[in-house]
Engineer: 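Please see the structure below; I have some questions.
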Amino acid sequence: MIDLKYIQNHFNEASAQLLKKGVDPAILSQLRERFAALKEANAALEAAKAEQNSMSRLFGQYKREGKDIGELKARVDANKAAIVPLQEAARAAEAALSDLALTIPNLPDDTVPQGADEADNVEIRKVLEPRVFGFEPLEHWALAERNGWIDFERGVKLAKSRFSVLRGEAARLERALINFFLDRNRDKGFEEFYVPFMANSTMLQGTGQLPKFADDLFKIEDEDLYLIPTAEVPLTNMYHDEILPEDQLPVLMTAYTPCFRREAGSAGRDTRGMIRQHQFDKVEMVAIAHPERSDAVFETMVQQASDLLTELGLPHRLVELCGGDLGFSAARTIDLEVWLPGQNRYREISSVSNTRDFQARRARIRFKDGKKNRLVHTLNGSALAVGRTLIAIMENYQNEDGTITIPEVLKSYMQGNQE
RNA sequence: GGAGAGAUGGCAGAGCGGUUGAAUGCGGCAGCCUCGAAAGCUGUUGUCCGGGCUCCCCGGACCGGGGGUUCGAAUCCCCCUCUCUCCGCCA
């Protein structure tokens with residue numbers, strides 16, 4: 001949730017920032033009005049309640065002293081009746097405000113480049129040179145088909161489209177990658193977690209998936225539970241409604257989870273292969289950071305994701321997302337895109353974001369700053385998307401005969417298997 | 001799924017329907033003591049919102065969540081959620 005006081009005091013700046021994210025600033029005027037209306041309604045209600053409280057105290061006193069309470073009771077009854085509509089008004093104002101506030105995205109950092117979409121993202125740097133092939137490299141689905149590694153048809157049969165089955169060495173490689181990522185993240189000080197793959201609506205609101213993006217989630221019937229779209233949800237909400245001691249910051253966490261997404265808005269996109277599935281594996285990093293030190297943590301996380309790709313020998317590039325391509329909760333995001341020779345292009349494999357205090361405000365995650373409680377900054381980043389890494393390894397390490405060479409660092413996880 | 005018990009401040013644990021935002025203990029913080037520490041003693045110690053234009057005061061809200069009774073509810077009533085114990089089922 002955005003900072004309502006900031007909107008109030010820096011209306012023009014906030015409007016400009018929101019515009020960068022492609023949001024109509026008119027919504028901010030509306031927000032400001034609703035905020036003012038709530039304050040007014042609350043002031044009236046609280047005054048009436050104060051009156052009621054003081055009369056009630058008097059009531060008790062009269063009774064103890066044996067005084068006549070008839071006249072007082074009449075006054076108190078009248079006031080009580082007057083409170084009812086005020087109560088209603090305040091409640092309505094509250095609902096109107098939060099309904100709107102929860103749908104407004106985070107404000108982007110000043111450093112975020114201007115731009116409408118993906119095309120306006122800014123490349124920061126490339127890491128590793130793409131390999132030169134002496135033959136025409138195949139796309140991952142063709143390789144998978146040739147070797148029987150991915151069974152798309154049976155995935156569909158078992159569930160529906162956009163599900164697939166990994167088989168044999170591919171399934172094993174998937175597991176190897178998960179272990180490799182978790183081990184390396186742990187080496188960098190991220191504590192490993194194993195978390196529920198479902199989360200309730202309060203937690204999803206905390207990280208910003210609800211209420212606005214309910215259509216992107218799989219909901220469990222008759223339960224207040226959703227399949228998690230990312231481990232960011234359980235990890236970030238680990239400290240939901242808690243106040244951390246300052247010396248515990250930053251909290252660095254990592255977890256492997258499958259991720260479940262409806263992909264409601266992406267009909268027809270990436271339908272071939274494993275790029276966009278309803279279920280995929282991901283190892284996630286989440287940090288709860290001191291607000292003055294979150295930028296350094298952000299850099300660490302970007303570097304970590306990049307190092308994993310480098311260690312796997314996968315060429316990639318770092319891209320700073322422009323305002324229009326930034327996610328709902330993010331103030332700043334750097335994507336890592338891996339080179340896919342079969343597709344002859346870079347594809348997103350990790351996304352590292354600093355949400356500043358946007359999620360912290362929604363999830364009420366705070367730390368003790370001396371005597372005061374302050375909101376923390378929360379950050380998240382993939383390290384890495386496992387399925388897409390698998391694809392990248394297949395495409396980058398393919399041989400002319402269709403076999404795949406296992407990257408050096410994974411060999412210990414594959415018990416010496418070379419192919 | 002069935003039966004019972006419970007949910008109070010960082011933790012433990014009291015709380016006749018009326019100065020109870022809440023006893024007490026632990027923990028935390030500050031001070032005294034000490035060369036220093038421990039022990040001991042003294043004081044202090046919840047969160048959120050609004051106003052004064054701020055670390056001090058005033059008002060409001062909060063004792064799992066939501067309703068209700070009442071002039072007044074942590075305390076009485078109803079619903080929901082969760083936890084624990086027993087039974088059933090189960091990896």
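So that the names make sense, note that chain A is the first sequence line, chain B the second, and so on, each numbered from 1.
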Engineer: Do A:Asn121 side-chain atoms and A:Cys322 backbone N/O form a donor-acceptor pair below 3.5 Å?
Structural biologist: yes

Engineer: Sort out the partner of B:rG43 for me: Watson-Crick or G-U wobble, both distances under 3.5 Å, none otherwise.
Structural biologist: B:rC29

Engineer: Expressed in whole Å, how much space separates the C1' atoms belonging to B:rU34 and B:rC53?
Structural biologist: 44 Å

Engineer: Have a look at A:Asn373 and say if it touches a base, only the backbone sugar-phosphate, or nothing, with a 4.0 Å heavy-atom cut-off.
Structural biologist: sugar-phosphate

Engineer: Do A:Arg366 side-chain atoms and A:Ile243 backbone N/O form a donor-acceptor pair below 3.5 Å?
Structural biologist: no

Engineer: Give me the distance, rounded to whole Å, that separates B:rG27 from B:rG9 when you measure between the C1' atoms they each carry.
Structural biologist: 13 Å

Engineer: Please tell me which of A:Met55 and A:Arg366 maps to the more 5' nucleotide of RNA chain B, matching each residue to the nucleotide holding its nearest heavy atom.
Structural biologist: A:Arg366

Engineer: Taking the P atom in each of B:rG66 and B:rG59, what is the distance between them to the nearest angstrom?
Structural biologist: 24 Å

Engineer: Expressed as a whole number of Å, how far does the C1' atom of B:rU44 sit from that of B:rC56?
Structural biologist: 16 Å

Engineer: Could you go through residues 78-104 of chain A and list every donor-acceptor pair under 3.5 Å that involves a side-chain atom there, pairing it with any protein atom two or more places apart or in another chain?
Structural biologist:
residue: A:Asn79; atom: ND2; partner: A:Ala48; partner atom: O; Å: 3.2
residue: A:Asn79; atom: ND2; partner: A:Gln52; partner atom: OE1; Å: 2.7
residue: A:Thr103; atom: OG1; partner: A:Leu100; partner atom: O; Å: 2.7

Engineer: Check whether A:Asn147 reaches the backbone of A:Gly402 with its side chain - one donor and one acceptor, N or O, closer than 3.5 Å.
Structural biologist: yes

Engineer: Roughly how far apart, to the nearest Å, are B:rG67 and B:rU75 at atom P?
Structural biologist: 14 Å

Engineer: Can you check the distance between B:rG64 and B:rG60, where both ends of the measurement are the C1' atom (answer in whole Å)?
Structural biologist: 22 Å

Engineer: For a quick check of understanding: with a heavy-atom distance under 4.0 Å over all strands, which category does A:Asn53 fall into, base, sugar-phosphate or nothing?
Structural biologist: sugar-phosphate

Engineer: Start at the 5' end of RNA chain B and walk down; is the nucleotide closest to A:Lys49 or to A:Asn42 reached first?
Structural biologist: A:Asn42

Engineer: Look at all strands and tell whether A:Arg361 reaches a base, only sugar-phosphate, or nothing, counting heavy atoms closer than 4.0 Å.
Structural biologist: nothing

Engineer: Mind checking salt bridge (Lys or Arg N to Asp or Glu O under 4.0 Å) for A:Glu299 and listing every partner two or more places apart, or none if nothing turns up?
Structural biologist: A:Arg332

Engineer: Counting only Watson-Crick or G-U wobble pairs whose two distances fall under 3.5 Å, which nucleotide matches B:rG1?
Structural biologist: B:rC87

Engineer: Between B:rA5 and B:rA91, how many Å separate the two C1' atoms, rounded to a whole number?
Structural biologist: 29 Å

Engineer: A:Ala50 near the nucleic acid: base, sugar-phosphate alone, or nothing, with a heavy-atom cut-off under 4.0 Å?
Structural biologist: sugar-phosphate

Engineer: Which residue pairs pass the side chain to side chain donor-acceptor pair (under 3.5 Å) test when at least one of the two sits in residues 182-205 of chain A, sequence neighbours left out?
Structural biologist: A:Asp183-A:Tyr413, A:Arg184-A:Glu311, A:Asn185-A:Thr254, A:Asn185-A:Gln304, A:Lys188-A:Gln304, A:Ser201-A:Asp224

Engineer: If we call it a pair only when both distances are under 3.5 Å in a Watson-Crick or G-U wobble match, what pairs with B:rU81?
Structural biologist: B:rA7

Engineer: Under 3.5 Å for both donor-acceptor distances, Watson-Crick or wobble: does B:rU20 have a partner, and if so which one?
Structural biologist: none

Engineer: With a 4.0 angstrom cut-off to heavy atoms of chain A, pull out the first and last contacting nucleotide of RNA chain B, in 5'-to-3' order.
Structural biologist: B:rG18 to B:rG72

Engineer: Please set out all donor-acceptor pairs under 3.5 angstrom arising from side-chain atoms of residues 16-23 of chain A, sequence neighbours excluded.
Structural biologist:
residue: A:Gln17; atom: OE1; partner: A:Tyr6; partner atom: OH; Å: 3.0
residue: A:Gln17; atom: NE2; partner: A:Pro108; partner atom: O; Å: 3.2
residue: A:Lys20; atom: NZ; partner: A:Asp109; partner atom: O; Å: 3.2
residue: A:Lys20; atom: NZ; partner: A:Asp110; partner atom: O; Å: 3.3
residue: A:Lys20; atom: NZ; partner: A:Val112; partner atom: O; Å: 2.8
residue: A:Lys21; atom: NZ; partner: A:Asn106; partner atom: O; Å: 3.0
residue: A:Lys21; atom: NZ; partner: A:Gly327; partner atom: O; Å: 2.8
residue: A:Lys21; atom: NZ; partner: A:Phe328; partner atom: O; Å: 3.4
residue: A:Lys21; atom: NZ; partner: A:Ala330; partner atom: O; Å: 2.8

Engineer: What salt bridge (Lys or Arg N to Asp or Glu O under 4.0 Å) pairs are there with at least one residue in residues 2-17 of chain A, not counting sequence neighbours?
Structural biologist: A:Asp3-A:Arg361

Engineer: Rounding to an integer number of angstrom, what distance separates B:rG18 and B:rA73 when you compare their C1' atoms?
Structural biologist: 10 Å

Engineer: Whom does B:rU69 pair with, Watson-Crick or G-U wobble, provided both distances fall under 3.5 Å?
Structural biologist: none

